[in-house]
**Q** 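What follows is a structure written as structure tokens; I'll ask about it next.
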Amino acid sequence: MRYMMLIKHSDDVRKEKVPQGLIDAMGEFVGAAMKNGTITDTAGLTPTAQGTRIRLDGGKITVTDGPFTEAKEIVGGYALAEFASRDAALAFARKFMELHRVHWPEFNGECEVRPLESMG
């Protein structure tokens, strides 16, 4: 089953230097997952200042440029992945967050794991 993993954290994280240990550990972890086909796509997202929201509400479309200062947490990155089970997806996400805990203990955030709907 395919899953979308959304990495959420405060927008302030962008101002901090990511520890080299985390960069190295994530490079190995994500690189191995891409090589074995678990992760099919992944990327970090630019700051909300570079984003735009297009909203439909009450029949009216509004366009709002970032930054989105009212947001307590933002989606900072994503991974599209394939797992045999929900448990496997959660184990992968837990390992991802464990790497952050070990190599960047000051980091606060979450990894939201959601299965993709089948289109057929």
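Since the structure is predicted, the reported quantities are computational estimates derived from the model, not experimental observations. Hydrogens, waters and symmetry mates play no part in the numbers below; they use all other heavy atoms, side chains included.
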**Q** Does the side chain of N36 pick up a donor-acceptor pair with the side chain of T38 at under 3.5 Å?
**A** yes
**Q** How close do M1 and P115 get, heavy atom to heavy atom, and via which atoms?
**A** SD-CB, 3.6 Å
**Q** Give the minimum heavy-atom separation between E82 and G37, together with the two atoms involved.
**A** CB-O, 4.4 Å
**Q** Could you go through I39 and F92, starting from their C-alpha distance and side-chain angles, then the distance that decides it, and tell me whether this counts as side chain to side chain contact (heavy atoms under 4.5 Å, CB included)?
**A** CA-CA 10 Å; I39 292 180; F92 187 90; 3.6 Å; yes
**Q** Who are the salt bridge (Lys or Arg N to Asp or Glu O under 4.0 Å) partners of R86, not counting sequence neighbours?
**A** none
**Q** According to the interplanar angle, ranging from 0 to 90°, do the rings of F96 and H100 count as parallel (below 30°), tilted (30 to 60°) or perpendicular (above 60°)?
**A** tilted
**Q** Give the cluster check for M97 versus Y78: same hydrophobic cluster or not, with ILVMFWY residues linked at side-chain heavy-atom distances below 4.5 Å.
**A** no
**Q** Within this structure, what is the CE-CZ distance for the pair M4 and R114, rounded to the nearest 0.5 Å?
**A** 9.5 Å
**Q** One pair to check against side chain to side chain contact (heavy atoms under 4.5 Å, CB included): F83 and M5. What are the steps and the verdict?
**A** CA-CA 12 Å; F83 297 101; M5 305 173 88; 4.1 Å; yes
**Q** Start with the C-alpha distance between R101 and E98, add both sets of side-chain angles, then the distance that settles salt bridge (charged side-chain N to carboxylate O under 4.0 Å, His left out), and finish with yes or no.
**A** CA-CA 5 Å; R101 186 188 71 75; E98 178 67 12; 2.5 Å; yes
**Q** Give the intermediate values and the outcome of side chain to side chain contact (heavy atoms under 4.5 Å, CB included) for residues E28 and D24.
**A** CA-CA 6 Å; E28 281 185 38; D24 295 343; 5.6 Å; no
**Q** Could you tell me whether the side chain of S10 and the main chain of E73 form a donor-acceptor pair under 3.5 Å?
**A** no
**Q** Is L45 reachable from W104 through a run of I, L, V, M, F, W or Y residues, each pair having side-chain heavy atoms under 4.5 Å apart?
**A** no
**Q** Has the side chain of T40 got a donor or acceptor atom that lies under 3.5 Å from a matching backbone atom of L80?
**A** yes
**Q** Hey, could you give me the CG/CD1 distance between L6 and I74, rounded to the nearest 0.5 Å?
**A** 12.0 Å
**Q** Side-chain heavy atoms under 4.5 angstrom apart, residues restricted to Ile, Leu, Val, Met, Phe, Trp, Tyr: same cluster for I7 and F68?
**A** no
**Q** Which heavy atom in L99 sits nearest to a heavy atom in M26, and how many Å separate them?
**A** CD1-SD, 3.7 Å
**Q** For a quick test of reading the model, state the closest non-hydrogen atom pair linking P47 to D11 and the distance between them.
**A** CA-OD1, 4.3 Å
**Q** Would you kindly confirm whether V18 and V30 end up in one hydrophobic cluster when ILVMFWY residues are joined by side chain heavy atoms under 4.5 Å apart?
**A** yes
**Q** Do you reckon V102 sits in the same ILVMFWY cluster as I23, going by side-chain contacts under 4.5 Å, direct or chained?
**A** no
**Q** Report all side-chain donor-acceptor pairs from residues 58-66 shorter than 3.5 Å, counting only partners two or more places apart or in another chain.
**A**
unit_1 : atom_1 : unit_2 : atom_2 : d
D65    : OD1    : T52    : OG1    : 3.1

